[in-house]
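Following: one structure in structure tokens, then a few remarks.
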2 protein chains.
Amino acid sequence: MVDPLRVLPPGTIRPDLMDPEPRRALRGRGTDCYHPRPGEHQEAGSKGMRVKRPTSFDIAELAGVSQSTVSRALRNDAMVSEDTRQRVAQAARLLNYKVDVNARNLRSQKTNTLALLLYEDPVTSQSLINPFFLSMLSSITKASARRGYDLLISFQQSSDDWSADYAASKRADGLIFLGYGDYLRYVDKISRLDEVSTAFVTWGPVVPGQPGHFIGSDNIQGAREGVRHLIARGRKRIAFLGDISEHCPEFRDRYTGYVEALGEAGLPVIEALYADAAASEEVGHQAILNLIGREGPIDAVFGACDLLAIGAMNGLRERSLRVPEDVAVVGFDDIVAAPFTSPPLTTIRQDTAAAGELLVENLLRLIDGRPIETTQITTSLVVRGSCGGA
Amino acid sequence: MVDPLRVLPPGTIRPDLMDPEPRRALRGRGTDCYHPRPGEHQEAGSKGMRVKRPTSFDIAELAGVSQSTVSRALRNDAMVSEDTRQRVAQAARLLNYKVDVNARNLRSQKTNTLALLLYEDPVTSQSLINPFFLSMLSSITKASARRGYDLLISFQQSSDDWSADYAASKRADGLIFLGYGDYLRYVDKISRLDEVSTAFVTWGPVVPGQPGHFIGSDNIQGAREGVRHLIARGRKRIAFLGDISEHCPEFRDRYTGYVEALGEAGLPVIEALYADAAASEEVGHQAILNLIGREGPIDAVFGACDLLAIGAMNGLRERSLRVPEDVAVVGFDDIVAAPFTSPPLTTIRQDTAAAGELLVENLLRLIDGRPIETTQITTSLVVRGSCGGA
DNA sequence: TGCTAAAATGAAACCAGTTTCATAGGGTGC
DNA sequence: GCACCCTATGAAACTGGTTTCATTTTAGCA
């Protein structure tokens with residue numbers, strides 16, 4: 001072979017090597033340099049001339065090595081000498097080379113991408129309203145970025161346009177499910193993914209038989225702790241505010257914790273339940289107004305999530321009940337707004353940062369067949385003003 | 001050629017056609033059927049046996065056509081007869097075939113993916129706190145899904161890990177920038193993308209010289225309308241609450257609208273400015289407390305965004321000032337929480353649904369070189385309780 | 001210095017589609 | 001009956017990397 005050119009002045013034209021094989025052109029495909037040939041195939045793009053992007057063959061030529069060596073060097077493969085690695089890196093920098101991820105993914109059968117699928121009740125659109133999910137979204141993004149994975153995001157708008165074949169079409173290596181509402185409908189579909197050996201994790205209560213895939217907070221324990229705190233502050237008529245239908249098993253677990261704590265203290269269960277599947281400020285507001293007229297006096301409210309608790313505080317204020325003097329309030333989630341309500345909201349914190357980390361970590365473990373260790377996030381009580389106990 | 005099999009019972013094994021070309025195997029690569037051959041190459045995966053996924057060659061064989069015809073039929077290419085299309089579709093369904101997007105992207109030089117790059121001040125993390133951006137995120141996701149595009153999402157955590165080469169490495173066809181804070185630092189980098197002919201759009205005020213790429217609300221007009229409304233309700237001492245440093249040019253525009261409206265009515269400018277680059281409830285809360293002590297009585301507050309306005313309401317309540325009786329409050333954005341504050345917040349609505357649509361629409365226009373039409377979203381005043389004028 | 005194992009490299013196959021190009025077949029106009 | 005065109009199709013090139021396999025270099029050691 002001709003002695004490799006270490007530095008190729010821009011525009012230099014090398015005579016093509018004679019092609020000994022007439023049937024199939026050399027892999028370099030004619031273009032032996034990424035610089036545009038004057039006057040050829042150069043329709044002006046939206047801005048300036050569109051130059052052919054450099055390929056690993058161009059890097060190889062410039063660095064004086066073979067293309068396979070370029071590939072190895074750029075991936076920091078073990079079998080490359082330091083000297084070669086340097087030369088390749090420099091050539092790549094010089095030509096502003098970027099790998100074509102599609103070619104890479106195609107051959108390596110790996111995408112380095114995770115897909116985040118946000119499901120939601122099409123009517124209430126809860127996942128988009130509740131800041132808790134934004135927080136999860138953010139931590140998942142960061143966790144996957146930290147591990148060098150890209151994140152595809154998709155909202156399930158209806159149960160029909162089911163984009164679980166993100167994995168089947170090799171767009172992503174694994175799936176993360178996250179959302180609120182219509183849980184059962186999704187769980188059913190999600191669970192079936194295992195059959196087609198698609199790696200996935202879900203934020204939500206464990207479904208029997210699929211231990212590794214379901215990751216969530218310890219909702220029972222969290223709620224128990226919050227209600228115990230209210231009891232310890234002397235509250236005796238504590239209402240639970242939330243929807244415990246099958247739509248949202250998290251809320252059901254929190255209700256269980258609430259009932260357990262009351263049971264320990266021999267206090268009555270007071271339910272501010274409602275049929276609405278949503279869990280917004282508005283719903284909490286309404287529910288507490290209904291409760292006040294119906295159940296007699298209360299001295300505390302435990303909200304199944306912060307938005308409900310905040311709505312309750314607004315409703316209480318409307319009825320001239322003071323928080324926390326007349327009615328103490330505790331929420332669940334610790335959304336970013338919780339410290340800024342008035343009074344600041346006491347709540348059970350879900351550690352979204354840890355949750356995002358765990359989801360991504362466990363998904364990656366599933367992807368390459370390593371065993372999964374934890375699937376539960378511990379919660380913590382954050383005491384602020386709304387429970388009267390700072 | 002052998003007569004094509006119209007229907008191939010599962011498990012049927014056809015003798016391989018004699019390979020006339022010894023140097024290079026037929027494109028079908030030996031496997032003439034995706035069904036696993038018993039006992040061969042079948043290490044058990046995490047669950048069950050891992051079967052080779054069907055390729056377009058498998059579909060071709062089952063449907064009795066060539067592989068290129070399969071490709072055309074599945075893409076609804078014009079040059080396929082209805083009969084063929086049906087047969088191919090059926091075969092694909094039967095084998096549960098999904099295209100490999102990496103192969104498709106590689107050859108077609110198109111990814112059908114957009115990348116959403118959320119930039120933010122690394123300290124304040126505003127983009128993740130402000131529900132407005134969640135709303136934008138949601139509408140952008142929906143807009144791109146509606147057009148059949150996937151969405152990659154990435155948070156710029158520092159100005160260093162600049163992932164603008166999402167396009168360069170062919171991960172995405174175009175980029176959407178969105179965020180709050182550190183605007184100038186990003187605009188500088190973003191603007192340079194044009195030089196490498198990367199398609200992009202940005203949510204933010206227009207930068208001179210790059211008209212098509214910058215899309216935003218008419219902030220001046222919106223603020224003017226809000227302040228005019230306060231004036232029409234008889235308010236005379238109206239404070240502006242927000243950071244008008246170069247970090248956030250949107251806020252500066254809103255300040256301009258505020259000053260203009262006051263000028264029309266001959267009223268004094270009262271600034272509740274602050275140095276903090278953040279724009280949270282907390283900051284609004286603090287800023288209004290500082291203002292009250294300093295500037296004498298006010299009868300209205302115009303917040304540069306809803307979070308600031310909500311913080312202001314909390315601060316006013318703390319000082320026993322009634323909203324709207326003593327001080328009227330108007331915000332900007334119309335975040336989802338705005339109707340549920342107490343009193344409900346009057347605000348300038350940014351139409352995030354339209355904004356997401358426009359961003360995606362214009363980006364797609366840039367991608368395939370069509371001209372761009374609009375780059376501005378109109379705002380609208382939403383009157384609720386906090387301005388005393390429902 | 002010679003022998004052997006390990007490290008480094010190059011050539012070519014390979015991933016699974018899309019696109020180009022050539023061609024067969026059917027209908028139409030004259 | 002023949003030239004012509006248009007539709008439908010197949011064969012093969014092509015996309016740009018990674019991976020396998022064979023070969024060359026280098027290093028270590030007696």
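Order of the sequence lines sets the chain letters (A, B, ...), proteins ahead of strands, with each chain counted from 1.
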Fit a plane to each ring of Phe200(A) and His213(A), take the angle between them on a 0 to 90° scale, and name the class: parallel (under 30°), tilted (30 to 60°) or perpendicular (over 60°).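 Plane angle under 30°, so parallel.
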
Test: Glu357(B) and Arg147(B) ion pair at under 4.0 Å: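 Looking at Glu357(B) and Arg147(B), the cut-off is met.
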
Between Asp83(B) and Arg87(B), is there a salt bridge with N-O shorter than 4.0 Å?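 Result for this pair is yes, salt bridge flagged.
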
Look at all strands and tell whether Val101(B) reaches a base, only sugar-phosphate, or nothing, counting heavy atoms closer than 4.0 Å.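 It contacts nothing in the nucleic acid.
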
Base, sugar-phosphate, or nothing for Ser68(A), non-hydrogen atoms under 4.0 angstrom?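 Base, at least one base heavy atom under 4.0 Å.
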
Out of [options], which nucleotide sits closest to the side chain of [X]?
X        : options                   : value
Thr69(B) : dT19(C), dT9(D), dG16(D)  : dT9(D)
Arg72(B) : dA16(C), dG10(D), dT18(C) : dG10(D)
Arg75(B) : dG17(C), dT19(C), dG16(D) : dT19(C)
Met79(B) : dT7(D), dG16(D), dG17(C)  : dT7(D)
Gln67(B) : dT18(C), dG17(D), dC15(C) : dT18(C)

Is there a donor in the side chain of Asn105(A) and an acceptor in the side chain of Thr111(A), or the other way round, less than 3.5 Å apart?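 Their side chains do not contain a donor-acceptor pair, so the 3.5 Å distance test is not met.
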
Could you check whether Glu82(B) and Gln86(B), counting side-chain N and O atoms only, form a donor-acceptor pair closer than 3.5 Å?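 Per modelled atom types, Gln86(B) and Glu82(B) side chains form a pair under 3.5 Å.
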
With a 4.0 Å cutoff (strictly under), does any side-chain N or O of [X] reach OP1 or OP2 of [N]?
X         : N       : result
Ser66(A)  : dA11(C) : no
Gln109(B) : dG16(D) : yes
Ser56(B)  : dG17(C) : yes
Arg107(B) : dT19(C) : no
Thr84(A)  : dT9(C)  : yes
Ser108(A) : dC15(C) : no

Rounded to the Å, how far apart are [X] [atom1] and [N] [atom2]?
X         : N       : atom1 : atom2 : value
Glu61(B)  : dG10(D) : CD    : P     : 13 Å
Arg53(B)  : dG17(C) : CZ    : C1'   : 11 Å
Glu82(A)  : dT25(D) : CD    : P     : 22 Å
Asn102(A) : dG17(C) : CG    : C1'   : 11 Å
Arg104(B) : dG16(D) : CZ    : P     : 18 Å
Lys170(B) : dG16(D) : NZ    : C1'   : 8 Å
Leu106(A) : dT18(C) : CG    : C1'   : 12 Å
Asp83(A)  : dA7(C)  : CG    : P     : 18 Å

First locate atom CG of Asp77(A), then atom OG of Ser71(A), and finally report the distance between them rounded to the nearest 0.5 Å.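 It comes to 7.5 Å.
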
hbond_proxy Ser71(B) side chain to dA16(C) base (donor-acceptor, 3.5 Å cutoff):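 Answer is no: no donor-acceptor pair is held.
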
More 5' along DNA chain D: Ala78(B) or Ala103(B), using each one's nearest nucleotide?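 Between the two, 5'-proximity favours Ala78(B).
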
